[in-house]
Amino acid sequence: MTAAPNTASTAVRTLGQPVSRRLGDVLVAQGLITQDGLARAIAAQKGTSERLGSVLLRLNLVAEEQLLGSLSRQYGVPSIAVSQLEIDPEALNLVPAQIAKKHAVLPIKRVGNMLTLAMADPTDVFALDNVAFMTNLQILPLVASEVAIREAIERHYEGQTSGITDIVSELNSGASPDVEVVDEGDEAATKIDVFELKESADEAPVVKLVNKVLADAIQKGASDIHWESYEKVFRIRFRIDGVLHEMLSLPKKVEAATISRLKIMSNLDIAERRVPQDGRIKLRYNTREIDFRVSILPTIFGEKGVLRILDKDALQLDLSKLGFDPWALEQFEKVIRQPYGMILITGPTGSGKTTTLYSAIHTINSPEHNIMTAEDPVEYNLKGVNQVQINEGVGRTFASALRAFLRQDPDVILVGETRDLETAQTSIRAALTGHLVFSTLHTNDSPSTIARLIDMGVPPFLVASSLLLVLAQRLGRKICKDCKEPYEVDEESLLPYGHVLTGVGRTQVYKGRGCTTCNFTGMKGRVAIYEIMPVTQELRDMIIKGASTAELRGMAQSQGMKTLRQAGLLKVLFDGVTTVEEVLRVTVAE
């Protein structure tokens with residue numbers, strides 16, 4: 001995790017000071033233990049995962065009250081004796097038992113949007129982040145002894161479960177036999193294994209667990225769900241606004257049944273556990289139809305599943321609302337209305353290329369245009385567009401689909417990805433013979449796209465004569481609207497990051513304070529950052545002459561192109577939609 005949430009950092013800053021001395025030194029300085037006693041405790045601690053305070057209590061070297069006082073001074077956080085407290089059952093319902101045990105935390109009481117949390121280590125930002133994210137509450141950390149916390153967890157969580165915790169308990173107590181991988185040579189045993197997988201995958205607790213996780217992901221606005229197999233646990237993580245968050249750690253025994261359930265839902269082969277598989281799930285959630293793109297991958301400890309959530313209702317197809325600055329929007333709208341030529345969109349997976357492509361197609365879609373797309377996979381169905389799903393297993397590749405398109409009298413062609421020389425050459429020839437061609441390429445920025453095409457084997461004169469525009473993009477997190485607050489910054493302080501002065505001087509920018517809407521991260525939603533490079537006559541001449549990427553970038557910038565870093569920093573200064581830290585996270589300086 002690259003940054004702690006505002007809640008965690010605020011709590012530690014407000015309630016205490018940075019930890020300057022170790023607990024043992026604090027206790028010795030207060031005369032509560034001797035140096036010999038400390039050495040004895042440290043020796044007993046070696047080779048264990050116990051905290052020093054727990055060891056001291058176990059060896060009766062210090063009383064619990066004395067330990068709590070020292071911990072409070074060490075962390076600068078108030079202490080609490082959990083053994084003497086009455087725990088609020090409502091607070092317990094907010095934090096699942098497995099999260100409480102994992103982080104050695106105990107929810108004490110909820111008041112409004114504040115949750116009091118007893119912690120063995122109140123500076124553990126990972127624990128604070130996890131609990132704040134799961135509860136949508138602001139966390140007030142108090143320090144308590146780890147021994148007392150774990151005893152209280154065992155005492156208060158016994159027989160008390162709700163939501164996913166209840167489902168996990170049901171799975172743990174189920175009478176169905178564990179499913180294990182058997183020897184491939186034993187045909188009869190393999191058949192039994194497949195039967196057991198099917199039976200266990202259809203059991204009520206597994207079905208409820210998968211449905212609950214899918215619904216939870218939709219509610220939280222996740223873009224991906226990761227079901228990950230490790231040696232001893234089965235972990236579930238959500239990607240929200242481009243950042244992964246751990247949601248749940250399940251017992252290893254439920255892994256096979258859960259993955260099999262996902263395979264059944266996406267019509268995959270539950271008996272095949274040696275090769276990757278791809279599928280699709282279509283669900284109705286309330287009144288919305290939501291598609292899940294499913295990928296199953298064998299790993300050393302089992303199978304990993306990743307579900308990409310494709311929410312049609314969340315798809316934004318209005319170019320004016322995607323985040324283009326006026327100059328970039330003017331350039332892009334001008335080229336997508338050209339009768340022929342090639343437009344390339346570049347960026348890594350998950351950078352929003354599909355949304356930009358679909359928005360461009362949606363803008364020019366009309367009964368007068370025959371629009372054909374080759375995609376792998378087809379993520380959204382577009383009305384009035386002929387979409388083709390690539391299937392390399394039967395020979396339907398991008399190149400073969402593109403050749404077939406040229407016999408279908410197309411006006412506009414969308415090639416989901418330019419992966420090889422054959423696809424690139426066919427696309428460029430189509431662009432040179434009266435068709436408008438859209439495609440994507442994996443490069444870091446717009447100018448380096450030219451070098452990538454030439455490196456693939458496309459002659460420079462073909463690149464120069466066919467290419468109309470290259471667009472590179474990234475997605476950065478937006479500042480939460482509900483907790484947005486201003487502060488001042490000097491424009492010159494951004495110069496080391498690649499900013500070009502605009503003369504605005506000292507100006508007001510924004511950051512997120514953290515609230516329940518954004519799970520106390522200060523960020524909610526995402527905004528696109530664009531780098532638009534129209535291919536002008538000057539650039540065409542330079543491409544034919546073999547100019548370097550740096551030379552092409554310099555010419556493009558002199559003609560109005562802003563780099564990804566520059567475009568992002570302008571969104572900080574003038575649009576106030578994101579932060580400097582977020583721009584630095586998703587872009588690099590040129």
Lys353 with Glu417: basic N within carboxylate O range, under 4.0 Å: no
Residues Glu375 and Gln387: side-chain donor-acceptor under 3.5 angstrom: yes
Non-hydrogen atoms of Ala401 and Ile390 that approach each other most closely: CB-CD1, 4.0 Å
Heavy-atom side-chain contact between Ile529 and Val586 under 4.5 Å: yes
Heavy-atom pair with the smallest gap, counting every atom of Glu246 and Ser249: OE2-OG, 2.9 Å
Check ion pair Asp376-Arg419 (N to O, under 4.0 angstrom): yes
Glu303 and Ser229 side chains, donor-acceptor separation under 3.5 Å: no
Euclidean distance, Leu115 CG relative to Ile108 CD1, rounded to 0.5 Å: 9.0 Å
salt_bridge(Asp241, Arg477) N-O dist < 4.0 Å: no
N-O pairing of Arg274 and Glu272 below 4.0 Å: yes
Heavy-atom side-chain proximity of Leu209 to Leu250 below 4.5 angstrom: yes
Leu307/Leu262 under side chain to side chain contact (heavy atoms under 4.5 Å, CB included): CA gap, chis, key distance, verdict: CA-CA 9 Å; Leu307 274 62; Leu262 294 176; 4.2 Å; yes
Worked verdict on Val306 versus Trp227 for side chain to side chain contact (heavy atoms under 4.5 Å, CB included): CA-CA 6 Å; Val306 176; Trp227 313 71; over 6 Å; no
Verdict with supporting geometry, Phe292 and Leu310, side chain to side chain contact (heavy atoms under 4.5 Å, CB included): CA-CA 6 Å; Phe292 295 83; Leu310 307 173; over 6 Å; no
Non-hydrogen side-chain atoms of Met119 and Val143 separated by less than 4.5 Å: no
Check: Arg585 and Arg474 side chains under 4.5 Å, non-hydrogen atoms: no
Side chain to side chain, Met114 and Leu140, heavy atoms closer than 4.5 Å: yes
Salt bridge (charged side-chain N to carboxylate O under 4.0 Å, His left out) between Arg526 and Glu582, worked out: CA-CA 11 Å; Arg526 288 196 284 179; Glu582 186 64 14; over 6 Å; no
4.5 Å side-chain heavy-atom contact, Val588 and Asn444: no
Within 6.0 angstrom of Lys252 NZ, more than 12 heavy atoms from elsewhere: yes
Exam field: side chain Thr440 to backbone Ile345, donor-acceptor pair closer than 3.5 Å: no
Point-to-point distance, once rounded to the nearest 0.5 Å, from NE2 of His442 to OG of Ser351: 8.0 Å
Those residues that, when tested against Ser266, pass side-chain contact (heavy atoms from CB on, under 4.5 Å) (two or more places apart): Leu268, Ile281, Val294
Donor-acceptor contact present, side-chain Gln389 to main-chain Val378, <3.5 Å: yes
Sidechain-backbone polar pair: Thr116 side chain, Pro141 backbone, donor-acceptor under 3.5 Å: no
Salt bridge (charged side-chain N to carboxylate O under 4.0 Å, His left out) between Glu146 and Arg150, worked out: CA-CA 6 Å; Glu146 183 179 11; Arg150 296 205 178 277; 3.2 Å; yes
Interatomic distance, Asp129 atom CG to His103 atom NE2 [nearest 0.5 angstrom]: 8.5 Å
Exceeds 12 heavy-atom contacts within 6.0 angstrom, atom NZ of Lys109: no
Stepwise side chain to side chain contact (heavy atoms under 4.5 Å, CB included) check, Met523 with Thr578: CA-CA 8 Å; Met523 313 295 282; Thr578 189; 4.2 Å; yes
Rounded distance (nearest 0.5 Å) linking atom CZ of Phe126 with atom CG of Leu128: 11.0 Å
Salt bridge Asp291-Arg280, side-chain N to carboxylate O under 4.0 Å: yes
Minimum heavy-atom distance between Met247 and Ile99, given as atom pair plus value: O-CD1, 4.4 Å
Which atom of Pro276 lies closest to which atom of Pro298, heavy atoms considered: N-CD, 3.8 Å
Heavy-atom side-chain proximity of Ile149 to Lys101 below 4.5 angstrom: no
Partner set under side-chain contact (heavy atoms from CB on, under 4.5 Å) for Asp278, not counting sequence neighbours: Ser295
Considering all heavy atoms, the nearest Thr418-Thr423 contact: CA-CG2, 4.3 Å
Donor-acceptor pair, side chain of Gln277 and main chain of Asp269, under 3.5 angstrom: yes
Residue pair Ala152 / Val82: nearest heavy atoms and the distance that separates them: CB-CG2, 4.4 Å
Heavy-atom check, side chain of Ile225 versus side chain of Ile309, under 4.5 Å: yes
Single hit among Arg308, Arg293, Lys304, Arg237 for salt bridge (Lys or Arg N to Asp or Glu O under 4.0 Å) with Asp224: Arg308
Nearest-0.5 Å distance, CD1 of residue Ile264 to CD1 of residue Ile259: 12.0 Å
Atom pair CD1 (Ile300) and OH (Tyr230), whose distance is rounded to the nearest 0.5 Å: 10.5 Å
